[in-house]
Amino acid sequence: MSDFFTSSVLVATFASAIRLATPYLLASLGETIGQRSGVLNLGVDGVMLLSAFFSYWTVLQTGNLWLAVVVALAVGIIMGVLYGIITVFFEATQGISGIGIFIFGLGFSDLMFRQQVGTPKPVQRLPSVDIPVLADIPYIGEPLFQRSLLTYLAFALVPLTFLLLNKTTFGLNIRSVGENPQAADSLGVSVERTRFAAILIGNSLAGLAGAALVLQLGIFQPNLTQGMGFIAVALVYFGAWRPLGVMGGALLYGLVNATVLQWKSLGIIPVSISDLAGMAPAIVTIGALILLARRVNAPAALTKPFSRH
Amino acid sequence: MRKKLRIISSLIAVLGVLALGATACGSDDSSSGGGGALTMAIVAPSASDDLAFSQSMVDSVNALDRDITVQVTDGTFIVEDAAAAIRGYAEDGVDVIVAHGTQFGASLAEIAPDFPDTTFVWGTATDTQGLDNVFAYAPAADEGGYVNGVVAAAISETGIIGVVGPVEAGDAVAYINGFVTAAEAGGATVNVTYTGSFGDVALAAEAAEAHLANNADVLTGTAQMVVGAVGVASDAGVPWFGTQSNQTSLDPDLVVASQVYHWEFALEEMLQLRDNGTKGGQTFEINLANGGLVIEFNDGFELSDDVKAAADAAIAGIIDGSIDTGA
Amino acid sequence: MLNKVLGGLVPFLAALVAFAFGAIMLIALGANPFEGLEAIFDGAFGSGERLAATAVKATPLILVGAGITIAFRTNVVNIGGESQIIGGALLSTVVALGLPDLPAFLLVPLVIIAGAIGGGILGAIPGALKAYASVNEILSTIMLNLMMVQFMNYLLRGPLIDPYELEAGTRIPQTERLSDNAALPTIIGGTRFHLGVLIAVAAAIVAYIILWRTPVGFRLRAVGHSPKAAKAAGINVKRNITLALAISGSLAGIAGAILVFGSEGQRMVTDGSAAGFTSSAGFNGIVAALFGGLHPLWTIPSAFLFGALLTGATQLQRVLQVPSSLAVALNGIIVIFVISSSRVRTWLQTTLGNTNLFGKEEDDEDDEEINSTAEVTT
């Protein structure tokens, strides 16, 4: 155990936690915005897979990382438009449409990968960008300020999402259509347009999450996300629809994962129980939620399609 | 109530109409078989281009020096799906069907007796379940692990080596145990991480990062998710050892060597037996001695003559039985 | 009349459009779409044996779907089907390992009951967490899915591994071949059509009876309708939420037992993932349930439909050499199109100026859409 509490190992563990948390954080923040407007999206994982594949493919073809990020964003927006049409205009049941999107993303990204790429080929990865001065701070400089731009963006989006939801008219609209769409509608807020916009933002962030994942790894494989999108949805509940809480959840989940891997590497967790230790991130997440014992109500209109008729 | 009835009934109607149309359109089934080229089919549990277990078999069949046509059904870990594919190929009259997954054994026991003229090739397995039209095969993965371990210990400067494994099971264990035995005999400390998943690339990458944080300067790993760990090794400039398929394409500069499964040696023997009228009933192991396991060194990675000699000595020792791989 | 015809045509057209997408994908892959469709239908319905395979594939979907219905009618979401299937399979496997010599007429019911208990426990946990600790069930069921995969891997490569695998050094993470006395007997000789299919259908009928013909079901639906009103009427809301997820889980658990004892393998084996054991039945069952309008009985044909697509997909890949992921993508498209089509139908009907030709619909069974995540305030 003493091997773990050396500065270099702790720093590495923390850096690993931040890397692992980045895709979750992006996707969870997006899902938070969508759910605050009353729309549950269980298709996050599918959107992440599609954006991950297409941004990987873009790097493979062009070598241009930023184009790849743009492509991921575009995939997110396209899937957002699709999901918006399905859930807002067709008023389809949200749970099942999200699962439909997930299944489609899982299958289509796999299909495209096999047709276009086949055997996994490595591509360049997102470079880390040192933030001047801050990057040199001992202990916290490396994990926090020597990261990729998408990681900085993910964490910058935490306060931005908070401000958006709580300090802007648009945010007020989002919350009101999520709590009481009939009342919002009678006050002249367009429920459809607000929800559509929230869905677009949410899916764009899911798209970025896919890019963050694949560009951190520099490689794609069928079902690359392994259900990350579902965990991102779970973290929204963990964070009780608050950006800061969601960040706490993503960091906790990443940190437990990183610590378990570090302890496996150091032999603190013996090989014989490695799978049992793999249960830790999920157990800690549930346990923390029980201990926090927060009783926050979900947005009242969550999953309820709005219809004037 | 009634609207649900309508959804369902109309869907069934769609299926029915399409089924009729489809059967009408394409009823001229092209039945293969007859004379000409040997027909082979592979049923594999994961993707046929996974740079790992499934790909090793597809590559091997394609490497056979014979006039054959090959069909592949992959991604069928589920026994029932694989069984349907195996039976389907048998009904189509395919000559040799490779069931590339231990879990398909029980289905073979059901299917094989119904198709006595078909040869079924099943692995990894160490017996043929008493069926006389089934050949079984298995790799001695510990042998290549051992050779890789010898080289890894020799080139490590910190004396610490990291291993990224999936679930502690199957030939991953054999490979890793062989590797650990040799590397520890060479004076290195080996840290082994089983991530708990064959598919989680992100977790494999972070497992590799954890090894680097603990001063490992050589890495290896097994199963399809290691592509993430190879990426980390590339970034850190740390040498990598591969297994199952040749992984040099993942990093032409840093992949030192890969243990490659050349099933074609076992397959060729099976086909020859088939040519002479024996449709199955024997078990094959691929290993260093019979050329089924090959340590493919990457010319892009310079190894000193001493290290090369040590690797050759290890191979020779395993072949003549003087080295125990500890697996 | 016109609107009625048109209304009925909409989901039909939606499915047709979805299949057209599938055809486009097939053409893009250089395959003949008619051959593709033929392969799917031939694979799913082409012979008695294949029909049986389709029914077997539908079996876990029926069970999970029926369970989903009960949970959703109580206004709780259950996306923990995967963990509950695994839980049921593990417990029934342990029972069969421990009591291999029991005669079949005892052991078969016993493994099914063990499956129900195993799945029920994994349903009761998120139920109790929701009811008594305010932990949202979407979060807890997703987390339990992750946990049970690792737990399954641990058991199958450790305590429950086939001793032969250790001896031979192959170490495949699987149990030994389980007692033949526990095997679900095949009903139609020469096919895989086994007792499990009938159990699933019976379970769906029982789920229907529980929901609409018993006081238990009345309480569950009352809680689903309005927890406040239910509480005012003296119904224990917390207990009923736990109960709903427990029943839902136990149905999925039975599916787990059937996956083990209805398969030719007659053993549990893992590829390290949940889908490698469940074929994602925990998710596909949700889709089947929602396609069936969250009605246990309609789940049966709906599950059969998805079972057909899944079995047909294997044939599609084998015959045309196109990746099986095409069928997965097609499944997603079908779900999206058909689920979207109900709004188009109402729109068509209202534009054509006729409100309700069908008379009053049976109110209780049909009016509730899923309001999945409303928190229970007690």
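The sequence lines fix the lettering, A, B, ..., with proteins before strands; numbering per chain opens at 1.
- Here the side chains of B:Thr193 and A:Leu261 are in contact, with some heavy-atom distance below 4.5 Å.
- No side-chain heavy atom of B:Tyr194 sits less than 4.5 Å from a side-chain heavy atom of A:Asp275.
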Exercise. With side-chain hydrogen bond (donor to acceptor under 3.5 Å, both in side chains) as the test, would you mind laying out the steps for B:Asp50 and A:Gln221 before giving the verdict?
Key: CA-CA 8 Å; B:Asp50 61 357; A:Gln221 239 183 25; over 6 Å; no
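- A:Leu213 touches chain B through its side chain: at least one heavy atom from C-beta onward sits under 4.5 Å away, while N, CA, C and O do not.
- In this structure, the side chains of A:Gln226 and B:Met225 stay at 4.5 Å or more apart for every pair of heavy atoms.
- Atom OG1 of A:Thr119 and atom CG of B:Asp59 lie 7.5 Å apart (nearest 0.5 Å).
- With a 4.5 Å cut-off on non-hydrogen atoms, B:Gln55 touches chain A through its side chain but not through its backbone.
- For the pair A:Arg114 and B:Asp74, the minimum side-chain heavy-atom distance is below 4.5 Å.
- Across all non-hydrogen atoms, the minimal contact from A:Ala12 to B:Ala213 is CB-CB, 3.3 Å.
- Taking chain A as the reference chain and counting heavy-atom pairs below 4.5 Å, the highest number among B:Gly196, B:Gly199, B:Gly228 is found for B:Gly199.
- For B:Ser46, no part sits under 4.5 Å from any heavy atom of chain A, backbone or side chain.
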Exercise. Determine, step by step, whether B:Asn214 and A:Asp3 satisfy the side chain to side chain contact (heavy atoms under 4.5 Å, CB included) criterion, reporting the C-alpha distance in whole Å, the side-chain angles of both residues, the deciding distance to 0.1 Å, and the verdict.
Key: CA-CA 9 Å; B:Asn214 296 320; A:Asp3 292 339; 5.9 Å; no
Quiz item: side chain to side chain contact (heavy atoms under 4.5 Å, CB included) between B:Val232 and A:Arg125: does it pass, once the steps are laid out?
Solution: CA-CA 10 Å; B:Val232 170; A:Arg125 314 201 295 170; 4.0 Å; yes
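- Here the NZ atom belonging to A:Lys264 is positioned 6.5 Å from the OG1 atom belonging to B:Thr195, to the nearest 0.5 angstrom.
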Quiz item: Given the rule in the side chain to side chain contact (heavy atoms under 4.5 Å, CB included) test, do B:Glu206 and A:Asn257 qualify, once you have shown the distances and angles that lead to the verdict?
Solution: CA-CA 9 Å; B:Glu206 292 305 327; A:Asn257 251 321; over 6 Å; no
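- Neither the backbone nor the side chain of B:Leu212 has a heavy atom closer than 4.5 Å to any heavy atom of chain A.
- The shortest distance between side-chain heavy atoms of A:Ile219 and B:Val230 does not fall below 4.5 Å.
- For CZ of A:Phe14, the number of neighbouring non-hydrogen atoms (other residues, nucleotides, ligands) closer than 6.0 Å is 12 at most.
- For the set A:Ile269, A:Leu20, A:Val11, the count of heavy-atom pairs under 4.5 angstrom toward chain B peaks at A:Leu20.
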Quiz item: side chain to side chain contact (heavy atoms under 4.5 Å, CB included) between B:Asp235 and A:Gln124: does it pass, once the steps are laid out?
Solution: CA-CA 9 Å; B:Asp235 256 24; A:Gln124 62 188 117; over 6 Å; no
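- Heavy-atom minimum distance, B:Ala202 versus A:Leu217: CA-CD2, 3.7 Å.
- Side-chain atoms of B:Glu209 and A:Ser16 include no donor-acceptor pair closer than 3.5 Å.
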